Colleague: 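First the structure, then my questions, so here it is.
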Amino acid sequence: MNQTRRGFMGKAFGAVAGVGAVGALYAMKRSWDPLPSVKAAGFTTIDVSSCAENKLVVEKWRGKPIFVLRKTAEMVAAQDEAQNARDIIVEGAHFMIAIGLCTHLGCIPAYREDKTDFKCACHGGEFDSSGINTVLPPEKPLLIPPFKVTGSTVVLGEEGEVYKKMKESGLIA
Amino acid sequence: MAHFEKANSLNEWFDQRLGVNTLQRVLAKEYWIPKDINFLWAMGMVLAITFGILLISGIFLLMYYQPNVDLAFDSVNYTIMQEVGFGWLWRHVHAVAASVVFLIIYIHMFTGIYYGSYKKGRELIWISGMLLFVAFSAEAFSGYMLPWGQMSYWAGMVITNLFSAGSLELNGVVEWIRGDYVPAQAFLTRFFMLHVLLIPVAIMALIGFHFGALRLPHVNNQNGTDIDFEEEAAKYKSGNKAASKVIAFANDFMSKDMFVVAVYLVFFFYLVFWNYAFAMDPVNFDPADGLVTPAHIYPEWYFLWSYEILRPFSKDIGLIAFAFAQVIFVMLPFLDRSPNTVPANRRGLFKFWFWAMLVDMIVLTAMGKLPPAGIFSTIGLVAALVFIGLWLVLPIITKLEKKL
């Protein structure tokens with residue numbers, strides 16, 4: 001058998017095996033992907049009209065805790081521009097709605113009613129009542145989930161007008 | 001087919017077909033171990049036995065464990081602990097062994113560092129050993145997920161979040177690893193697979209690699225003496241065992257090894273029967289709840305030192321420091337620039353480096369367990385900086401070391 005023929009056989013074998021290996025890796029990667037049933041958008045509807053002022057309500061959306069906080073008039077009056085921009089207004093009342101996971105490593109911060117702020121027990125991070133980070137290690141505010149306001153209810157998982165505006169102005173992340 | 005004579009004994013029958021006598025000679029009777037060693041050289045056998053104990057206890061746990069988010073917690077805390085005859089024994093043996101194995105790994109590692117057993121031909125022993133450390137860490141973490149208690153869930157949340165790589169925000173990667181937005185069924189089942197199949201298989205392969213890497217350079221000794229193994233073996237085989245600097249692995253060295261193992265097992269079973277609680281976090285006796293974070297999330301004691309290197313810094317710097325701490329030990333054979341293979345106490349500044357590293361890791365471990373506040377935060381930060389600093393100066397101080 002001559003060398004070129006043997007070389008060709010080797011390359012052909014290598015090429016077929018290579019294609020097979022790439023295909024197998026792709027299949028393995030896809031098998032680790034979240035299932036369609038998991039990904040299918042979970043929509044959570046919250047009726048916020050029953051929320052009491054300065055009492056944190058925790059809802060669940062796609063397995064994550066969602067903080068809903070109705071602010072008092074004093075809290076709203078004391079806010080600056082950045083804090084106002086994150087408020088979600090439902091029937092005239094100011095709400096903070098955010099994913100209740102610390103943007104450091106994903107623990108759930110606790111709400112302190114007396115100080116009107118959030119404290120994360122894991123690594124000591126703090127957020128104000130608008131979800132803006134005030135004490136390290138978290139370097140970003142709490143995330144605002146996609147939402148749509150309809151009457152007195154807020155639908156999570158759907159991008160409404162207000163959410164899109166917030167996203168354009170870079171407030172979401 | 002090869003020509004076979006009629007065998008006169010069972011041993012001969014197997015030898016003709018498997019070469020068992022050759023195997024025995026190469027792996028035991030003529031595998032030479034220096035005489036000049038101490039009990040610290042038995043830690044490899046202690047680890048092998050502990051791995052065997054983990055495997056056997058794990059097999060029995062596997063018969064009743066249910067990898068399902070609704071059933072896992074009760075299958076461990078009710079079925080195995082209350083119903084299965086001696087189920088508690090397997091669980092306590094497994095938990096204690098999983099914790100103690102890291103104590104022995106750290107002793108084994110620091111023995112190697114002290115005696116310079118990673119140098120001049122022994123680099124692959126060190127590297128395969130560090131790969132085993134990584135594999136054991138992954139095995140411990142994946143196993144910790146399985147009881148699906150609060151610490152399982154939240155440790156799973158925090159550790160998988162590390163893969164978002166800080167400000168790079170690779171949330172897709174995190175969701176891919178979990179198979180969901182949060183740790184849930186897909187997460188539990190895949191970590192179950194990793195824990196009972198893929199990682200144990202990798203560990204067994206790495207143990208083979210680790211032993212193989214040891215065969216040619218041979219075991220180091222207490223004084224770093226360069227032994228001519230062929231010459232010493234010839235003395236031993238000629239009957240002059242007293243003058244020879246080596247003994248056979250089996251049965252000579254094995255009998256000493258097993259003595260240390262026996263002492264260790266007394267300590268081990270004392271822990272299993274009377275003091276197992278240290279290996280069972282009380283918080284993990286609450287079922288997993290995605291809406292309630294435990295007041296303090298801390299890892300098991302053996303991960304505390306690297307956790308403390310992550311904690312005092314801002315997110316990105318913390319992650320970089322953490323990644324540094326995870327990989328830097330692997331580089332030891334190349335960062336130590338000194339040609340001397342002798343115990344640390346004869347090696348100039350390295351003597352201080354060794355003890356400083358050991359003490360620093362103990363301080364990091366202690367601070368990692370304490371809440372991140374006040375003076376403890378400061379001590380933790382200093383210890384983390386010292387850890388990084390020690391690695392940065394290592395090539396310099398070892399380069400300055402005089403050749404002995």
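Please read these numbers as outputs of a predicted model, since none were measured by experiment. Chain letters run A, B, ... following the sequence lines, proteins first and then strands; every chain starts at 1.
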Colleague: Check each atom of Ile177(B) against the heavy atoms of chain A and say whether the ones under 4.5 Å are side chain, backbone, both or neither.
Modeller: backbone
Colleague: Can Arg311(B) and Glu308(B) be counted as an ion pair, charged N to O under 4.0 angstrom?
Modeller: yes
Colleague: In terms of heavy-atom proximity below 4.5 Å to chain A, should Ile317(B) be classed as side chain, backbone, both, or neither?
Modeller: neither
Colleague: Give, as side chain, backbone, both or neither, the part of Trp154(B) having an atom under 4.5 angstrom from any heavy atom of chain A.
Modeller: side chain
Colleague: Name the region of Ser31(A), side chain, backbone, both or neither, that has any atom closer than 4.5 Å to a heavy atom of chain B.
Modeller: backbone
Colleague: Between Ser142(B) and Ile199(B), what is the shortest heavy-atom contact and its length?
Modeller: OG-CD1, 3.9 Å
Colleague: Ignoring hydrogens and geometry beyond distance, is a side-chain donor-acceptor pair present between Trp305(B) and Tyr106(B) at under 3.5 Å?
Modeller: yes
Colleague: Check the side chains of Asp281(B) and Tyr298(B) for a donor-acceptor pair under 3.5 angstrom, ignoring hydrogens and angles.
Modeller: yes
